[in-house]
Amino acid sequence: MTDWTLHPDRALPADPVTRPIAREIYASVRDLPIVSMHGHVDVTALADDEPFPDPAQLLVVPDHYLTRMLVSQGARLPELGVGPAGTPGLETDPREIFRRFCAGWKHFRGTPTRYWMEHELVEIFGVTVRPSAETADEIYDQVAAAIADPAFRPRALLDRFRIETIATTDPAWSTLDDHARLAADLPGRVLPTFRPDPLLHPARTTWRGDLERLAAASGVATDTYHGYLTALRERRAAFVAAGGLATDHGHFSADTTPLPDDAAQALFDKALATGPDEPGISAAEEAAFSAHMLFQMAAMSAEDGLVMQLHPGVLRDHDAAVAGTFGADKGYDIPVVAEFTRGLRPVLEAFGHSETFRLIAFTIDEDVYSRELAPLAGVYPALRLGAPWWFLDAPDAMRRFREAATETAGFSNMSGFVDDTRAFCSIPARHDLARRVDAGYLARLVAEHRLELDEAVETAADLAYELPKQSYARR
Amino acid sequence: MTDWTLHPDRALPADPVTRPIAREIYASVRDLPIVSMHGHVDVTALADDEPFPDPAQLLVVPDHYLTRMLVSQGARLPELGVGPAGTPGLETDPREIFRRFCAGWKHFRGTPTRYWMEHELVEIFGVTVRPSAETADEIYDQVAAAIADPAFRPRALLDRFRIETIATTDPAWSTLDDHARLAADLPGRVLPTFRPDPLLHPARTTWRGDLERLAAASGVATDTYHGYLTALRERRAAFVAAGGLATDHGHFSADTTPLPDDAAQALFDKALATGPDEPGISAAEEAAFSAHMLFQMAAMSAEDGLVMQLHPGVLRDHDAAVAGTFGADKGYDIPVVAEFTRGLRPVLEAFGHSETFRLIAFTIDEDVYSRELAPLAGVYPALRLGAPWWFLDAPDAMRRFREAATETAGFSNMSGFVDDTRAFCSIPARHDLARRVDAGYLARLVAEHRLELDEAVETAADLAYELPKQSYARR
Amino acid sequence: MTDWTLHPDRALPADPVTRPIAREIYASVRDLPIVSMHGHVDVTALADDEPFPDPAQLLVVPDHYLTRMLVSQGARLPELGVGPAGTPGLETDPREIFRRFCAGWKHFRGTPTRYWMEHELVEIFGVTVRPSAETADEIYDQVAAAIADPAFRPRALLDRFRIETIATTDPAWSTLDDHARLAADLPGRVLPTFRPDPLLHPARTTWRGDLERLAAASGVATDTYHGYLTALRERRAAFVAAGGLATDHGHFSADTTPLPDDAAQALFDKALATGPDEPGISAAEEAAFSAHMLFQMAAMSAEDGLVMQLHPGVLRDHDAAVAGTFGADKGYDIPVVAEFTRGLRPVLEAFGHSETFRLIAFTIDEDVYSRELAPLAGVYPALRLGAPWWFLDAPDAMRRFREAATETAGFSNMSGFVDDTRAFCSIPARHDLARRVDAGYLARLVAEHRLELDEAVETAADLAYELPKQSYARR
């Protein structure tokens, strides 16, 4: 076993013709600031700027990429510190949790978690030994010592990570108080993103309660369809006022078919009329309503200029019992087939050529890149193809994305890199990896004489920095 | 910025072991004649042999690959000279159109349009500067001077491009007059292809008018289902007599399920019975009828030996308003999921082992290569797997096709290269690029000791020249 | 044409940086014993240990990968010796069959059949000339001479091939007599696999007869739903007693939705009540029943610990006339779209975290790797992702599998290599090729500094040897 270091050429193509070109391209973008326009970092942590609690809470417990892999190899979620207080077997010793992670290091081979974590441990925390059952305590101590240092508080890390701008994801009813505090201290640096999903799904048992939260936040009664739309519009305005640039929509389907107004109103009324314990409308009715509401969200974006992000095609909470015990976002969200050509048609016909509208579409169904999203993004000016997301935010998957989408969509119709993470310390690792993979792809084009080097260098900067800024500029 | 030239090794693999092998394989096929068995070149232009009007009309306006990319970046179609006379804002100055194209050169990075256009400008027109806002006029002048030269007239270019045979795509009711003129002057060199699509879709508002054109062309009354079939059969015979080798079918679905005769007749009668302004049959009825007619076309092919080409899976005219204003084929045709295993079953069960039948199936849904088309082509002798088409006629997509399809279908069950273009000057660029990509793929097989060099050289010639000739030989 | 030998570096990556690393990784696993946990080798041949009949029966006739390719190029199945006695044109001269195969050698370029056969001919039979019409007799004679030698009898080849364990696939009603003979002579080396497919599909005309065979084998009356379940359970116990480790399920769909007991019973009764000549239940009812029975099989696996293998997504007997004349498994089974996320949900919710259950899921719809199977295998401890199977057991397809699945599932959630062959002599070739491809993939990770060499060497051994043993260990 060699000493544990990061190789300067990691994730660059191996062949001796392409690598030097990739190295040159990567060097030109390595130190660009980070523009992180889509993610799930905890805004309160940034606002409060308290030290991170411990290595397990920082690196293991909240990262469902990581915990799901350990679960697949036999760990129970509570053993990893995951679960509400009182869960039987809930591990409360962070060191024990960290040991379980280190002991399972082998299982991460070939995964991006392995790649990111290696970057984090070595680059941020100065770790020099490979994780294992034997080295767990040593690494734990080293990370714990680091995060006790004020230089490792969240806001200091914003600087250290060279994060120029970072967007969080916030419920539609968020008070945006944390954002107000951050705007005062760090103007324009931490931005909210408007996420109304639960409000657009009236069959969820939480819907009525969320409607009330919307009413409270907006000061608009939400007991009529008209009021509901007005309240949503009002909250969007509040996000705009707080510096928000975008909305975010995680629907099961990409369907955007609008309903006639009276039909939408009738579904809203029907959903509201039923008792609180059962859904008032059927699954098919909810699907129609939420498709309709995506169209409404697009219409509002064309008015207020918030960039609309859509990422469909995930069956959430695949194991109902796990979701019941441990809640959402525990690694049990599984992709399904996605369809965009027909789904996005209503929105694109209505707003696809509008200069005040932008839609960024993400997928984790790779088939859709060359078949649907690249052809659509390659003609509609309002549409940009989002970066490979979630399971596809990985070296080989990113390379496949470039190879499948670029020939039809070009680079200019893409969002540039987004990290979509809730693991704060992984942000620089993720951006660095994407820059490396893009440098490798561009270097191949240069080595195959399909692109000149100066073009590749400019394109690398576009993908890493210019395109995310430009794609998320409010219209 | 280096001088603008074409690198001799462009589009060959970069790695130093594979490239010399690829170079050797490519050299062996570089100068083979072009056999262009499927495309959309304007037959009248070839028949008349007039000079091309201007650089914009030659290279920009009719190429929807190119205009769609500029549209995606904010251009309006009329600004690019696209639209019927009288369209507001329709640019009529070809120099201005050409400037817009050159100014948007950056957006084509990584696309085949960029690759082909570079080949065309450098190789055909001798351009030595990279397109940009600054160089647009210089390039325009150079191309304009060239096309004023008789050596750049269409028929002279046929020779210059070493085009041995070229097939056009012609409506079923075509008089074939232009083809008659060409057959007299250039026997066997420019061939018609029978394309009956509009006649097989009775829900289109144009259907009744097209039926009348069919009646006029065939001299057979088309007001009965029987007459309709007879007229189609007669026109196929006329295409055969004019040297035609193939039919071409662009249906939404690959379904080929035949109907009982009386059911087909009833649908035909129902469609015909309704007034001219609305479709006489439903979308589902039309889908059943056009599937039935694909089966009939296959049956007729088994009789008259015309090779049947099928390319399903495209949602035409995605933006209805664009289609209404600018017409079809303006870059708004978007792929959808394709299905072949069940769709082709009726035709393959009926004719899949017939020695007088050949079906070439194309897809732009890549998933289908390894899952459906390669397994089908790998067993049914009548079926050949068409070359990667449209958005997939691009270097990385062609490589993926080889990698996904060859292991199951082998090379002998493929069509060889087809260019499917309406951009005449791109034909040599497209064939050259395909030969390079295939040389690269074959070189990898040689470098990995999965194929001998002599076999690779023979296979390269098969793919570039022998297989297209053989696949499109009338049965 | 060079002398016909196997290059030591075949199927390793060509680039000069990666190849030496691949060579080192491959060398570390090249000589590991073969663990062949899923396949279709003829158990009677192993039990009887008679010499193989002739080169055509050994290498050509039973291999539908091979015969389908020759059929696609115009051969008729009877010309290749395929068909029941009395089939018109049935070739009975093995030499003539072998000539046809050798004459068609060109058509196998780029296919795994070519690769495997080259390995077999050179490595096992010492052939030194490339197959062709001219060399057919020479090769035939050489192979014929070899198989006359006792050292080439089936059991001797088990040793020669270093096969530590091999599983066969056996009908649920198998007496397991051959296995008993083998267990006595070669304890633990040849294991049965329980395959109940025909019993779980009540619309098949063979179903009633198969139920009787089940009753006879189990000694349990199968004329009630309860008896049917009991008989299946009893047969599973017999397979466990005979050393069986796994079950095997080839359903059209991956649906595992259970029915209420009375609904399942009613379908069973309805199917049984109808006359013998027509199916008693509809296709939709059969689909519901067979999904229900997959759930029951999973439940029984959670009880008896037999590892459950599932490979859905194949439309069997695509050409009904071919199936009618020549029977099943003649190369006309064609893949269709597969769906796992929703299909497996009932079984995974019920048993996905059970320590006594293991499910190995195979697909030939590649799309499913990154979209569904890797995300599922990456979280449910009971699920393993099966090796690329059938058409995907090929060098480029295996590489795509690694690239598409590893980043999400890791290596530890995979089955390791399975060969799934009925061509006995191809087993070492298939395992060797998989080891080479995996070595190449791992070498790239090392060359890109995404994995250390010692990790790659350990992982290669896991994939080739440890994971198959571990994945198929009865729970």
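Only this structure's heavy atoms are used, side chains among them; waters, hydrogens and symmetry mates stay out.
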Chain C contact via A:L12 - side chain, backbone, both or neither, heavy atoms under 4.5 Å: backbone
Side chain to side chain contact (heavy atoms under 4.5 Å, CB included) assessment of C:R371 paired with A:I364: CA-CA 7 Å; C:R371 189 180 59 225; A:I364 34 177; over 6 Å; no
Leading residue by heavy atom contact count with chain C [cutoff under 4.5 Å; candidates A:R19, A:H7, A:E118]: A:H7
Residue pair C:H449 / A:L6, side-chain heavy-atom distance below 4.5 Å: no
A:Q73 (side chain) donor-acceptor with C:P381 (main chain) under 3.5 angstrom: no
For chain A, the option from C:G378, C:A14, C:P13 that forms the most heavy-atom pairs under 4.5 Å: C:G378
4.5 Å side-chain heavy-atom contact, C:T408 and A:R68: yes
Proximity of C:F411 and A:H107 rings by center, below 6.0 Å: no
Among A:A397, A:A75, A:P395, residue most engaged with chain C (heavy-atom pairs, under 4.5 Å): A:P395
Check: A:T111/C:E407 side-chain N/O donor and acceptor closer than 3.5 Å: no
CD (A:E24) with more than 12 external heavy atoms under 6.0 Å: no
Best-contacting candidate, C:A404, C:A377, C:A374, against chain A by heavy atom pairs under 4.5 angstrom: C:A404
Spacing of C:D15 atom CG and A:T18 atom OG1 [to the nearest 0.5 Å]: 8.5 Å
Shortest non-hydrogen separation from C:T341 to A:H318 and the atoms involved: O-NE2, 2.6 Å
Shortest non-hydrogen contact between C:S370 and A:L392, atoms and distance: OG-CD2, 4.2 Å
Contact winner vs chain C - A:A394, A:P335, A:G74, A:A338, heavy-atom pairs under 4.5 Å: A:P335
Spacing of OH belonging to A:Y332 relative to CG belonging to C:L348, to within rounding of 0.5 Å: 10.0 Å
Which portion of C:R402 sits near chain A, non-hydrogen atoms under 4.5 angstrom: neither
Best-contacting candidate, A:E366, A:H64, A:R114, against chain C by heavy atom pairs under 4.5 angstrom: A:R114
Option in A:P16, A:G313, A:S72 with maximal non-hydrogen atom pairs under 4.5 Å from chain C: A:S72
Spacing of C:T406 atom OG1 and A:R109 atom CZ [to the nearest 0.5 Å]: 12.5 Å
Interchain contact, A:D367 with chain C, by part (heavy-atom threshold 4.5 Å): side chain
Neighbour count >12 (heavy atoms, 6.0 Å) for atom CD, C:Q470: yes
Part of C:L445 lying under 4.5 Å from any heavy atom of chain A: side chain
Trace of the salt bridge (Lys or Arg N to Asp or Glu O under 4.0 Å) decision for C:R399 with A:D396: CA-CA 11 Å; C:R399 181 180 45 74; A:D396 288 339; over 6 Å; no
Toward chain C, the part of A:F108 with a non-hydrogen atom under 4.5 Å: neither
For chain A, the option from C:R384, C:E372, C:R342, C:E355 that forms the most heavy-atom pairs under 4.5 Å: C:R342
Minimum side-chain heavy-atom gap A:D319-C:H353 below 4.5 Å: yes
Options A:T113, A:V71, A:V322, ranked by heavy-atom pairs under 4.5 Å with chain C, top entry: A:V71
Residue pair A:K106 / C:E455, side-chain heavy-atom distance below 4.5 Å: no
Contact check, side chains of C:E403 and A:R400, non-hydrogen atoms, under 4.5 Å: yes
C:N413 side chain reached by A:M69 side chain, heavy atoms, under 4.5 Å: yes
Best-contacting candidate, C:V17, C:V337, C:L442, against chain A by heavy atom pairs under 4.5 angstrom: C:V17
